[in-house]
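Heads up: the structure comes next, in structure tokens.
This one's a predicted model, so the numbers in the text were calculated from it and none came from an experiment.
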Amino acid sequence: MNQEQSMQAFKGRITKLGLFFTTLAIVANFVPAVYVSTVTGIFPSVGEIIAIWVAAAAAFGAGWVVQPVAYFPMIGLAGTFLVWVVGSVGDLRLPCAVMAQKVTNSEQGTPKAELIGTIAICASVVVSMSMITFFTVAGNAVMPYCPKIVLKALGFVLPGVIGAVYADFCSKDFKLGIICFAICLAGKFIFPKIGVPGALVMLANIIVCIIAARGVFMTMKKA
């Protein structure tokens, strides 16, 4: 069996396992709510459930479309199933996968990169669970004694991580990185003014960046 056939067989198994376990995770999410409702005897009406769902969709609905599309090229099929079950995608799983691919010289979009990214995500789950468990127990006692400047600085962790990931990608194609940065910066102000809902601004920026990247690629190819 050649490499292409092996990857097809691998992806087939991953799809079956991924669909099974993500479905199981979705069902499991409802278990606490059903348990509480059963114990207390309080059951929300259908109208209340729909109202809550609409509110959640308004706040996070764009991410349900944007994030899988934006992250898939970097984490692959197996990684995609994993991250939507374990969470902390943009601030933890994605940077871990990208850095692992970088240190192993794995070109994104290749079978090697997908496997390396998947292993990195699995490792990050083990590490983060260990660290979260420790700091959940110890942090409650330590955090009240931390200076205010330290507590305030923690709010910049996510922008710092995302900025580092952007800088890494930008170093691979500085011209395209600057173009995409300019597009996103302009889109932040232009799209809301032309009627694009705030929740869809990120998706619009991604689409324009993809078109721009394709344009740059075709221009370089012709040259």
Handout entry: Joint cluster assignment, Val83 & Val126, ILVMFWY side-chain distance < 4.5 Å
Key = no
Problem - Minimum heavy-atom distance between Lys112 and Ser106, given as atom pair plus value - result: CE-OG, 3.3 Å
Exercise for the section: Check whether Val125 and Ile119 end up in the same hydrophobic cluster, where Ile, Leu, Val, Met, Phe, Trp and Tyr are linked by side-chain heavy atoms less than 4.5 Å apart. Expected result: no
Practice task
Kindly give the heavy-atom pair with the smallest separation between Thr118 and Gly79, and that separation in Å.
Solution key: OG1-N, 3.8 Å
Exercise for the section: Can you see which heavy atom on Ala120 is nearest to which on Ala97, and at what distance? Expected result: CB-CA, 3.9 Å
Problem - Same apolar cluster (I L V M F W Y, side chains within < 4.5 Å links), Phe20/Ile14 - result: no
Completion exercise
Closest non-hydrogen contact found for Pro192 with Gly187 is CD-O, 3.5 Å
Practice task
Provide the closest heavy-atom pair for Leu82 versus Cys122 in the form atom of the first, atom of the second, distance.
Solution key: CD1-SG, 3.7 Å
Handout entry: Val201-Ile190 co-clustered via ILVMFWY side chain contacts under 4.5 Å
Key = yes
Problem - Distance, nearest 0.5 Å, that separates CZ of Phe189 from CD1 of Ile194 - result: 14.5 Å
Practice task
Would you check if Val98 and Lys102 make a side-chain contact, meaning some heavy-atom pair closer than 4.5 Å?
Solution key: no
Completion exercise
Between the CZ atom in Phe174 and the CD1 atom in Ile179, the distance rounded to the nearest 0.5 Å is 11.0 Å
Would you mind writing out the side-chain donor-acceptor pairs for residues 31-40 within the sub-3.5 Å range, not counting sequence neighbours?
unit_1: Ser37; atom_1: OG; unit_2: Ala33; atom_2: O; d: 3.0
unit_1: Ser37; atom_1: OG; unit_2: Ile42; atom_2: O; d: 3.1
unit_1: Thr38; atom_1: OG1; unit_2: Val34; atom_2: O; d: 2.7
unit_1: Thr40; atom_1: OG1; unit_2: Val36; atom_2: O; d: 2.7
unit_1: Thr40; atom_1: OG1; unit_2: Ile42; atom_2: N; d: 3.4

Practice task
Say whether Val196 and Val208 are linked into one hydrophobic cluster, either directly or through other cluster members, by side-chain heavy-atom distances under 4.5 angstrom.
Solution key: yes
Handout entry: Over 12 foreign heavy atoms within 6.0 Å of CZ, Phe181
Key = no
Practice task
Answer whether the closest heavy-atom distance between the side chains of Thr22 and Trp84 falls below 4.5 Å.
Solution key: no
Fill in the blank from the handout: What one should report as the nearest heavy-atom pair of Leu77 and Glu114 is N-OE2, 3.0 Å
Problem - Min side-chain heavy-atom separation Arg93-Ile75 under 4.5 Å - result: no
Exercise for the section: Measure the spacing between OG1 of Thr80 and CD1 of Ile121 and express it to the nearest 0.5 Å. Expected result: 7.5 Å
Fill in the blank from the handout: The reported gap from SG in Cys180 to CD1 in Ile210 (rounded to nearest 0.5 angstrom) is 9.5 Å
